[in-house]
Amino acid sequence: MSDRVYIFDTTLRDGEQVPGCQLNTEEKVVIAQELEKLGVDVIEAGFPISSPGDFKSVIAISKAVSEPTITALSRAVEKDIDRAGEALKYAKRGRIHTGIGTSDQHIFTKLKSDREKVIERAVAAVKYAKKYVEDVEFYAEDAGRTDNEYLARVLEAVVAAGATVLNIPDTTGFCLPEEYGQKIRYIAENVKDVHKAVISTHCHNDLGLAVANSIAAVQNGARQIECTINGIGERAGNTSLEEVVMIMKKKANARGYTNINTQYLYPTSQLVSQLMNMPVQANKAVVGRNAFAHSSGIHQDGVIKNRENYEIIDPLEVGVDKSSIILTARSGRAALNYNLNSIGVDLSKEELDIAYERFLVMADELKVVQDEDLKRLVESLSLNKVS
Ligand code: KIV
Ligand code: ZN
């Protein structure tokens, strides 16, 4: 049976940590409004203590958006939590996202502390955040490399302190899907009163496994996925929102469904790419330029006969107008004829044979033959077919 999975978008916080992609408040508000249309459940609007601009943006987003919960990040430090609490003053539904490193790596070499003191700080931070909001999410930074038994102790303590969401970040993108899935299952089965909180996944893509790990987490009991548009984020990025959403839509055994209006996926991807001045990789799943483009003759012929021969997603489902047939020297007659028809040219079989020979020469030269080139080609045949 599938369960509702909450989509927590952190494009404006973790995503915005991409070097050179910083946004101003107005741009952040435009993206937040698009995310609301997309149907995300939670928007992480920023890290208010980090700069006056981020503080101002969290306030502006809280005022501009009403459906999703608005979250602000803080470390387990009172002054951070105060700033987050103040910034969320106008949010209809506000959540403070606070936490601390729990792996031995972080405890000993970053925090220069010990395991017991970290539990104390975690509990104190959650209790302090409760002064501002009822909804407090706790993150166990570097949970991916944290010993499971200790992690369960930390989580049990923060649930008792009132945490409503337990975020289990694979901060360094270190886990394999099976390991991360087992970690989530261990938490779901061993943390006392875990039912009082939602288990959340937050995966980084250092080994290209962020999406796979997020889905493994859902299959093992997580009910919130933290992700970004186009998978942008620190280093190799975060879990890509569009990919996890479409996986859950297409695969019943992913065991989750979301509230996302998928026809806004492509427009949202484009908006984020333009405002951040960060191109989307052409072969990016779901929203890349080539995600619905077919260029080899065998595939083109198959897709022209029936789209589902080579596509598991209808482009309209994600807001892309149509699949495209890209004409190259690997294309066959079926593809040439298809694109000729789409510009209003109808050739007999004999005419098509002649056109195809000329087309191959052109394709070797140009690499990709566009509609304009096709018109020139038909004119050069003196068939007078171009309308
Ligand atoms: O990757 C991470 O651990 C984070 C936390 C701050 C949630 O982004
Ligand atoms: Zn992160």
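Numbering of ligands and ligand atoms starts at 1, following listing order. When reading the values below, keep in mind they use all heavy atoms of this one structure, side chains included, and skip hydrogens, waters and symmetry mates. None of the values given here were measured: they were computed from a predicted structure.
More than 12 heavy atoms of other residues, nucleotides or ligands lie within 6.0 Å of CZ in R235, so this atom counts as buried by the packing criterion. Around CD of E178, the count of heavy atoms belonging to other residues, nucleotides or ligands within 6.0 Å does not exceed 12.
Once rounded to the nearest 0.5 Å, the distance linking CD of E137 with OG1 of T71 reads 6.5 Å.
Counting heavy atoms closer than 4.0 Å to ligand 1, residue H202 contributes side-chain atoms (C-beta onward) but none from N, CA, C or O. The proximity of N167 to ligand 1, defined as any non-hydrogen pair under 4.0 Å, is limited to the side chain.
The shortest N/O to N/O separation between D142 and ligand 1 does not fall below 3.5 Å. In terms of polar-atom proximity, defined here as any N/O pair under 3.5 Å, H97 makes no such contact with ligand 1. Every N/O-N/O distance between E141 and ligand 1 stays at or above 3.5 Å.
Near P169, the atoms of ligand 1 lying under 4.0 angstrom from a non-hydrogen atom of the residue are 2 (C), 3 (O). Of all atoms in ligand 1, numbered sequentially from 1 with element shown, those under 4.0 Å from a heavy atom of D14 are 8 (O).
The aromatic rings of Y128 and Y132 sit perpendicular to each other, their planes meeting at more than 60°, with 30° as the lower class boundary.
Side-chain N or O atoms of T268 include one that pairs as donor or acceptor with a backbone N or O of Y264 at under 3.5 Å.
Within the coordination shell of the Zn ion (ligand 2), defined by N, O or S atoms under 2.8 Å, D14 is present.
Remark: distances from the non-hydrogen atoms of R13 to ligand 1 include one below 4.0 Å.
In this structure, Y338 has its ring center at least 6.0 angstrom away from the ring center of H294.
Ranking protein heavy atoms by distance to atom 1 (O) of ligand 1, first place goes to H204 NE2, 3.0 Å.
Looking only at side-chain heavy atoms (C-beta outward), Y150 and I107 come within less than 4.5 Å of each other.
Within the set T172, T171, N238, I168, the minimum heavy-atom distance to atom 3 (O) of ligand 1 is found for T171.
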Discussion item. Walk me through whether D142 and T171 qualify under side chain to side chain donor-acceptor pair (under 3.5 Å).
Written reply: CA-CA 5 Å; D142 204 18; T171 305; 4.8 Å; no
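Atom NE2 is the N, O or S atom of H202 at the shortest distance from the Zn ion (ligand 2).
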